[in-house]
Amino acid sequence: MFRIGHGYDVHRFAKERKCIIGGVEIPFELGLLGHSDADVLLHAIMDALLGAAALGDIGKHFPESDPAYAGANSLKLLAAVVQLLQKKGFGVENIDSTVIAQRPKLAEYIPKMREKIAGACQIEIGQVSVKATTEEGLGFTGIMEGISSHAVCLLKKDA
């Protein structure tokens, strides 16, 4: 049996925060605001994976109200989501994701993002797609208020 999931996340820019996207620290004058490391890409991926398995969302599993997740490394959270999926008999077949950001430019960091995501998900790098686009100066990402990300995934459940 196959299951498809979709995830979406958004984080506003903030000064004096790191800009971590796809598990990679991006050198940039602004970071992303959030309870954890605010990794907008990994949060969208986790929601896609959890959604495909009908297991809720990251807020259910890693609530902002829990101080244990303050500043949490989203790669570790992603690995925990994958372990949860495995316990339920699901394996990750593929992930396709898009980061929407006017800046920073992400192309040179995408190979490392794919590598880190594949590692956390225990899959091959060829099963992970990461793309980046702008909104041509439109919307909140276009006027540099923040970054958003979409992800879709395919899970396979053991028979």
Side-chain angles (χ1 to χ4, degrees), residues 1-14 16-26 28 30-101 104 106 109-110 112-125 127-133 135 139-141 145-157:
M1 168 186 9
F2 291 98
R3 306 281 292 270
I4 297 170
H6 174 263
Y8 172 77
D9 196 40
V10 60
H11 284 276
R12 110 177 17 258
F13 279 121
E16 299 181 22
R17 290 276 303 195
K18 292 180 179 179
C19 186
I20 300 172
I21 303 173
V24 177
E25 186 172 340
I26 311 294
F28 193 58
L30 297 170
L32 295 172
L33 185 62
H35 184 66
S36 66
D37 61 8
D39 190 324
V40 67
L41 174 57
L42 295 187
H43 293 181
I45 290 171
M46 285 186 274
D47 271 347
L49 295 169
L50 289 165
L55 295 174
D57 60 21
I58 60 174
K60 175 182 174 181
H61 296 275
F62 313 109
E64 286 186 12
S65 59
D66 188 336
Y69 302 115
N73 179 329
S74 292
L75 274 172
K76 291 182 180 178
L77 300 180
L78 176 58
V81 166
V82 171
Q83 288 178 347
L84 176 64
L85 293 173
Q86 290 171 341
K87 286 179 186 174
K88 299 288 187 179
F90 290 101
V92 179
E93 288 294 310
N94 82 304
I95 296 167
D96 182 23
S97 60
T98 304
V99 179
I100 301 102
L106 301 175
Y109 304 102
I110 287 175
K112 190 68 173 172
M113 291 177 194
R114 292 179 63 218
E115 180 182 311
K116 288 183 175 276
I117 294 164
C121 292
Q122 301 173 31
I123 57 178
E124 299 295 320
I125 195 167
Q127 293 171 271
V128 177
S129 172
V130 175
K131 303 173 300 296
T133 190
E135 288 188 314
F140 75 91
T141 64
E145 290 181 348
I147 294 177
S148 65
S149 184
H150 288 269
V152 293
C153 71
L154 180 66
L155 300 183
K156 183 176 181 182
K157 186 165 186 175

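In what follows, residues are counted from 1 in the order of the sequence shown.
- The structure places SG of Cys153 at 8.0 Å from CG of Asn94, a figure rounded to the nearest 0.5 Å.
- Looking at heavy atoms from C-beta onward, Glu135 lies in side-chain contact with Ile100 at the 4.5 angstrom threshold.
- Between the Ser36 side chain and the Gly71 main chain, no donor and acceptor come within less than 3.5 Å of each other.
- Atom CD of residue Glu25 and atom NZ of residue Lys18 lie 4.5 Å apart, to the nearest 0.5 angstrom.
- For His35 (side chain) and Ala70 (main-chain N/O), a donor-acceptor pair under 3.5 Å exists by modelled atom type.
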Handout entry: Working for side-chain contact (heavy atoms from CB on, under 4.5 Å), residues Val99 and Ile110
Key = CA-CA 10 Å; Val99 179; Ile110 287 175; over 6 Å; no
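- In this structure the side chain of Leu106 reaches within 4.5 angstrom of the side chain of Met113, judged on heavy atoms.
- Side-chain contact between Val24 and Lys116 is present, with at least one heavy-atom pair separated by less than 4.5 Å.
- Distance check: Leu154 CG to Phe90 CZ gives 11.0 Å after rounding to the nearest 0.5 Å.
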Practice task
For the pair Leu50 and Leu84, evaluate side-chain contact (heavy atoms from CB on, under 4.5 Å) and give the outcome as yes or no after the intermediate values.
Solution key: CA-CA 9 Å; Leu50 289 165; Leu84 176 64; 4.0 Å; yes
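- For Lys131, the NZ atom counts as densely surrounded, since its 6.0 Å shell holds more than 12 non-hydrogen atoms of other residues, nucleotides or ligands.
- Expressed to the nearest 0.5 Å, how far NZ of Lys157 lies from CD of Glu93 amounts to 14.5 Å.
- Leu77 is not listed as a side-chain neighbour of Leu42, based on a closest heavy-atom distance of 4.5 Å or more.
- At most 12 non-hydrogen atoms from other residues, nucleotides or ligands lie less than 6.0 angstrom from CD of Glu64.
- Contact of the Met46 side chain with the His61 side chain is not registered, since no non-hydrogen atoms from C-beta on lie closer than 4.5 Å.
- At a cut-off of 3.5 Å, with distance as the only test, a side-chain donor of His43 or Ser74 sits close to an acceptor on the other residue.
- Using modelled atom types, one side-chain atom of His11 and one backbone atom of Leu33 make a donor-acceptor pair closer than 3.5 Å.
- Of the options Leu55, Leu85, Ile58, a side-chain contact (heavy atoms from CB on, under 4.5 Å) to Leu49 is made by Leu85 and by none of the others.
- For Arg12 (side chain) and Gly146 (main-chain N/O), no donor-acceptor pair under 3.5 Å exists by modelled atom type.
- Pro63 approaches Tyr69 most closely through the heavy-atom pair O-CD1, 3.7 Å.
- Looking at every heavy atom in both residues, Leu78 comes nearest to Ala120 through CD2-CB, 3.8 Å.
- Ring planes of Phe28 and Phe13: tilted class, angle from 30 to 60°.
- Among the candidates Asp9, Leu75, Leu32, Ile20, the single residue satisfying the side-chain contact (heavy atoms from CB on, under 4.5 Å) test with Asp39 is Ile20.
- For the pair Arg3 (side chain) and Leu155 (backbone), a donor-acceptor distance under 3.5 Å is absent.
- Formation of a donor-acceptor pair under 3.5 Å by the Ser97 side chain with backbone atoms of Ser129 is found in this model.
- Within the 4.5 Å cutoff, the side chain of Val130 has heavy atoms near those of the Leu41 side chain.
- The closest side-chain heavy-atom distance from Cys121 to Val81 is not below 4.5 Å.
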